[in-house]
K.L.:
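Have a look at this one before I ask anything.
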Amino acid sequence: MNIPMLDLTQQYQTLKEDINKALDKVMSSARFILGPNVKQLEESVAKYSRVSYGVGVASGSDALHISLEACGIKEGDEVIVPAFTFFATAGAVARAGATPVFADIDPVTFNIDPKSIEKLITDKTKAIIPVHLYGQMADMKAIKDIADKHHLYIIEDAAQAIGAEFEGKRAGEIGATACYSFFPTKNLGAYGDAGMIVTNSEELAERSRVLRAHGSKPKYYHHVLGYNSRLDEMQAAILNVKLEHLNKWNEMRRKNAAYYTELLNKELGDRVITPVEVENRYHVYHQYTIRVKDRDQLQQFLKDNGVATMIYYPKPLHLQPVFSDLGYKEGDLPESEKACKEALSLPMFPELSKEQQEYIVSKIKEFYQ
Ligand SMILES: *Cc1c(COP(=O)(O)O)cnc(C)c1O
């Protein structure tokens, strides 16, 4: 059996008619940039996130970068980020001219450890970027307490977590802003690059809107240096169709996750550590990530048997060559480093079948026998 990490072809077949109709409408209207589809998507995603404003941008990475600049973060400032995340989280901080300061993670959730944050705060610290990794929100209560105490912005990296909840709240409700990516593989994926900032702050929304269009306000007058970072109408039209299905797809992911956990705990309880959904959190399983010993050998064995898996992420950010000037060394953030050696993400998408999951688990079992 051949099982891909992610299969988007089945989903397209079910949406084909609606998507093609929506795209045809955009092409016939010949309105391609910042038109009615983007406006509709901004309103719908803000409403979905239960906040007031959405600002469409070109990618999740730009959503982070523009959020930081909208908050006034600049050279000389420090921003605390987890060391175990996708590069863009820290890349955006450096792009804004500020310094990323790396915190360690909680080994159970893989999310930033609030205990690790507090000791990193200096008088230069301006913000914290919690990442809701794999689709589960970070401990936003503890993070909010720290941020309030030290007057820091929280910018949520919700690229993997649209629809996730923490004590009934969605990304964007707690932080100053939350940043979504609509990269094709995300839970709500476009057919190209796209992203969005959501926020309850009218001021941050307005600054973000200005920054995404060359800092132009009024048009052709520039008080700040901005970017060309817009979400285009074609992507917005596709996303408007797909957003209607997001809750159903997230539920299907959760069902698949529960089945993996049931099979793995029954058959391989002593070998495989399965993901934990913390109480009062709604996990949307962007990834289903297990922890194992002999991870690389297991990955090779699964590959030889037709099962694709991914390592998110093989190298922690504090040890990335591009950040070598920051002076971190191996051993500084032990939980992040350990996760890089043990984490393995199994195939996960809404349409993944029980038979496919049973095959994957049977092969993992075979490896450890
Ligand atoms: C995907 C992702 C991003 C970046 O999003 P792009 O749209 O690819 O720029 C940022 N942070 C995390 C955690 C992500 O998974």
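Since the structure is predicted, the reported quantities are computational estimates derived from the model, not experimental observations. Values below: every heavy atom of this structure, side chains too, minus hydrogens, waters and symmetry copies. In what follows, residues are counted from 1 in the order of the sequence shown. Counting starts at 1 for both ligands and their atoms, in listed order.
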K.L.:
Distance under 4.0 Å to a non-hydrogen atom of G60: what atoms of ligand 1 satisfy this?
P.N.:
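Those of ligand 1 that fall under 4.0 Å from G60 are 5 (O), 6 (P), 7 (O), 9 (O).
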K.L.:
I'd like to check which ligand 1 atoms, numbered from 1 as shown, lie under 4.0 Å from a non-hydrogen atom of T85.
P.N.:
13 (C)
K.L.:
I need the single residue from F323, Y313, Y312 that forms a ring-ring contact (aromatic ring centres under 6.0 Å, His included) with F87. Which is it?
P.N.:
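Among the candidates, only F323 passes.
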K.L.:
Provide the number and element of each atom of ligand 1 under 4.0 Å from a heavy atom of S59.
P.N.:
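Those qualifying, in numeric order: 7 (O), 9 (O).
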K.L.:
Kindly identify the option in P184, S181, A161 whose heavy atom sits closest to atom 8 (O) of ligand 1.
P.N.:
S181
K.L.:
When you check the gap from the basic side-chain N to the acidic O, do K141 and E167 get nearer than 4.0 Å?
P.N.:
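Result for this pair is no, no salt bridge flagged.
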K.L.:
Among Q136, R50, R281, find the one that has a side-chain hydrogen bond (donor to acceptor under 3.5 Å, both in side chains) with E165.
P.N.:
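Filter result, single survivor: R50.
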K.L.:
So does S49 get a backbone contact from the side chain of R170, meaning a donor-acceptor N/O pair under 3.5 Å?
P.N.:
no
K.L.:
For A159, counting its heavy atoms only, list the atoms of ligand 1 lying under 4.0 Å from any of them.
P.N.:
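Once the distances to A159 are compared, the set is 2 (C), 3 (C), 10 (C), 11 (N), 12 (C), 14 (C), 15 (O).
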K.L.:
Below 4.0 angstrom from a heavy atom of V131, which ligand 1 atoms are there? Numbered from 1 as shown, please.
P.N.:
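Checking each atom against V131, I get 13 (C).
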K.L.:
Before signing off on this row, confirm whether D157 and ligand 1 have an N or O atom pair separated by under 3.5 Å.
P.N.:
yes
K.L.:
Using 30° and 60° as the class limits, which term best fits the ring planes of Y328 and H318: parallel, tilted or perpendicular?
P.N.:
perpendicular
K.L.:
Do any N or O atoms from the side chain of E42 and from the backbone of G56 form a donor-acceptor pair under 3.5 angstrom?
P.N.:
yes
K.L.:
Looking only at protein heavy atoms, which one is nearest to atom 15 (O) of ligand 1, and what is the separation?
P.N.:
Q160 NE2, 2.8 Å
K.L.:
Starting from atom 9 (O) of ligand 1, what is the nearest protein heavy atom, named by residue and atom, and what distance separates them?
P.N.:
S61 OG, 2.5 Å
K.L.:
Can you tell me if K186 contacts ligand 1 (heavy atom of the residue under 4.0 Å from the ligand)?
P.N.:
yes
K.L.:
Can you classify the ring geometry of Y12 versus Y191 as parallel (below 30°), tilted (30 to 60°) or perpendicular (above 60°)?
P.N.:
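The arrangement is perpendicular - the two ring planes meet at more than 60°.
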K.L.:
If we only count N/O pairs under 3.5 Å, is L64 in contact with ligand 1?
P.N.:
no
